[in-house]
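The chains referred to below are lettered A, B, ... by the order of the sequence lines, with proteins before strands, and numbering in each begins at 1.
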Amino acid sequence: MFFKFVIRRVLFSIPTIVGIVTLAFLLGKLIPGDPAVAALGLDLDGASTVSQEELERVRTELGLDRPVIVQYMSWFGDALQGDLGRSSVNRESVTALILRAFPNTMFLLLTTISTAALIGISLGVFSALHRGKSADLVARLVTIVGVSTPPFWLALVLILVFAFNLNLFPMNGSVAEHGWTALVLPTASIALQPAALIARMSRSSMLEVLSQDMIRTAAAKGLGRWTIILRHGLPNALSPVITVIGFQFANLMGGAVAIEVLFGMPGLGSLLINAIFENDLKVIQGVVVIVGITFALTNLAVDLLYSVIDPRIKL
Amino acid sequence: MEMNKPILQLQGLRTEFKTGSGWVTAVDDLSYSVNPGETLGIVGESGCGKSVSSLCVLRLLPEPPGRISGGEIWYGGEDLTKVAETRIRDIRGNEIAMVFQEPMTTLNPLMTIGTQLCEPIMKHQGLSRKDAMQRAHELLQLVRIPDAKHWLKGYPHEMSGGMRQRVVIAMALACSPKVLIADEPTTALDVTIQAQILALLKELQDRLGMAVIMVTHDLGVIAEVADRVVVMYAGSKVEEATVEDLFARPRHPYTHGLFRAIPDIDSITSSEGAPTRLEEIPGMVPALDAMPSGCPFSTRCPFVIERCLAERPILEEKAPGHFAACFRELS
């Protein structure tokens with residue numbers, strides 16, 4: 001039963017992924033400038049410095065002289081086989097570049113979303129349990145500040161205080177260089193906003209569940225306060241919270257770009273920014289594909305998680 | 001335990017709710033008692049305080065906005081309004097259990113029926129999960145759920161309303177309570193299922209010898225199951241009698257009105273064949289924060305006299321065992 005459900009959901013995400021790959025292809029067609037010029041590592045002004053024959057040669061080499069539909073089919077076929085082309089800057093395989101960067105970004109994102117979920121849910125439940133009291137007020141104030149703080153600005157402040165002044169954490173660099181301490185400041189910078197949003201959703205969802213009849217039933221059985229909250233309350237409050245977590249995780253991929261650059265961490269964000277600066281179209285397309293697929297898989301994971309939690313969601 | 005010594009006794013219970021305009025009284029000076037093996041019916045329209053007062057017995061009233069502001073609830077030698085939180089938890093679902101109105105929402109949708117049934121058994125009787133499951137299986141059979149073994153692993157959403165209410169009853173009976181409080185247990189069910197559930201409750205009561213407090217707005221249910229009846233209006237008890245006495249001769253104008261409001265199959269149409277209007281009690285229950293100074297029913301009472309407006313009638317014994325809070329003698 002559950003297995004069938006999983007298969008169905010996986011099949012449903014295939015059209016999404018096809019769409020992502022297609023969009024990445026169209027992106028290449030819509031981007032201003034001549035890809036052949038870009039492939040030679042020249043900017044737009046440099047186009048006049050190469051001979052027409054040279055450009056033609058590169059176009060043929062890149063297959064740009066073929067009809068668009070043929071180019072699309074070949075891009076699609078290559079992508080299916082994991083071949084996303086080569087970087088025009090250093091001729092490295094895009095897939096290899098991405099495979100090197102992807103785990104770094106994922107590690108950062110997973111650390112961030114787990115931290116945000118843990119803090120957010122705890123804060124939200126705490127707030128709900130103290131509804132209307134000063135503890136709730138303080139917690140809600142914290143979430144409002146959290147939602148309104150731009151991650152980029154927060155990152156600068158954290159660097160200034162904890163790296164520059166207090167020297168507690170490295171100012172920048174990768175986990176490979178500094179170990180887990182390298183993760184603390186980047187994680188803190190991008191975890192605050194999702195944590196605050198998760199907290200707000202947890203609070204309202206928990207409040208709604210706590211007012212339901214089943215909570216009274218649980219109390220009438222003689223169960224203790226925490227058993228009621230954790231076994232009967234929280235699981236029932238979780239569905240909308242998981243939606244927010246999934247959405248925030250997807251959102252974080254955008255946030256990670258700036259943070260990776262800011263903290264000098266190797267990852268998809270740094271890779272993308274460099275590719276944009278260097279007009280490295282293939283790498284940009286590759287990152288778009290991989291980020292898109294991660295998005296689709298996140299949605300899939302959220303859907304599967306719903307059905308794990310709630311037996312009413314099946315088929 | 002002696003049959004005529006009350007197992008549960010409310011004395012002068014007073015409950016208040018906080019509203020925008022301050023505290024309003026939802027239950028005012030309510031006293032009743034129930035003997036072992038007896039069924040006490042509590043009847044009244046919505047908002048009369050019957051549910052609120054029954055929630056107070058197990059201290060399940062949400063606080064805030066509610067609070068018990070006076071009175072005592074005696075169970076054994078203990079005043080339940082004063083015992084420690086841990087003690088009331090030991091009593092809940094163990095010695096005194098409750099069945100609620102909405103079978104659709106009283107069960108946890110994410111937990112199997114078996115697990116939900118096991119919770120009170122494991123908590124109060126200290127059984128292992130395996131033994132508790134065995135007991136849960138017996139309970140489902142007791143409330144006549146067909147294919148009980150299968151349903152232990154089932155979820156509430158897979159069941160019909162009637163089946164769910166049976167599960168809720170099974171859950172309440174899990175630890176063989178001495179008192180069962182049933183708050184409108186059949187209101188959300190259709191009539192045939194209603195009859196089945198009432199018959200089941202009655203049978204289980206006879207078998208287990210527990211006292212039942214049946215809270216309902218339905219005089220039909222009262223006639224079916226109750227031994228003694230308390231009639232509540234606007235937070236107070238206005239009449240109390242055995243079910244026979246009450247139905248034979250209601251002594252409070254409100255009870256009188258309730259009986260007249262029951263449609264009669266023979267008089268649905270008049271002699272000319274034209275439909276007749278159902279009788280109703282004119283007016284509305286006064287808002288809790290706008291109670292008249294005299295008798296709370298005076299604004300709607302067809303028998304009202306000067307004295308009713310100035311003075312609040314207290315409960316008096318109009319006939320042996322038959323109490324009513326009214327200055328008038330209804331004939």
Can we say [X] and [Y] salt-bridge, meaning some charged N sits less than 4.0 Å from an Asp/Glu carboxylate O?
{"X": "A:D136", "Y": "A:R140", "value": "yes"}
{"X": "B:E72", "Y": "B:K82", "value": "no"}
{"X": "B:K50", "Y": "B:D183", "value": "no"}

Non-hydrogen atoms of B:S53 and B:M232 that approach each other most closely =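 The answer is OG-SD, 4.3 Å.
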Contacting region of [X] [heavy-atom separation from chain A under 4.5 Å]:
{"X": "B:N94", "answer": "neither"}
{"X": "B:L55", "answer": "side chain"}
{"X": "B:L110", "answer": "both"}

Is the charged tip of A:R216 near the ring of B:F100: under 6.0 Å from the six-membered ring centre and within 45° of its axis?
->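 Yes.
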For chain A, find which of B:E102, B:R59, B:Q101, B:R92 contributes the most heavy-atom pairs closer than 4.5 angstrom.
->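 Going by pairs under 4.5 Å, I would pick B:R92.
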Among B:E85, B:M104, B:Q116, B:M98, residue most engaged with chain A (heavy-atom pairs, under 4.5 Å) |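 The option with the most such pairs is B:Q116.
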Under 3.5 Å, side chain of B:H124 to main-chain N/O of A:K221, donor-acceptor pair present?
->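 Between the backbone of A:K221 and the side chain of B:H124 there is a qualifying donor-acceptor contact (under 3.5 Å).
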Residue part contacting chain B, namely of A:I215, when any heavy atom lies under 4.5 Å |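 Neither part, no heavy atoms under 4.5 Å.
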By a 4.5 Å heavy-atom criterion (distance strictly below it), what part of A:R225 contacts chain B: side chain, backbone, both, or neither?
->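 Both the backbone and the side chain of A:R225 come within 4.5 Å of chain B.
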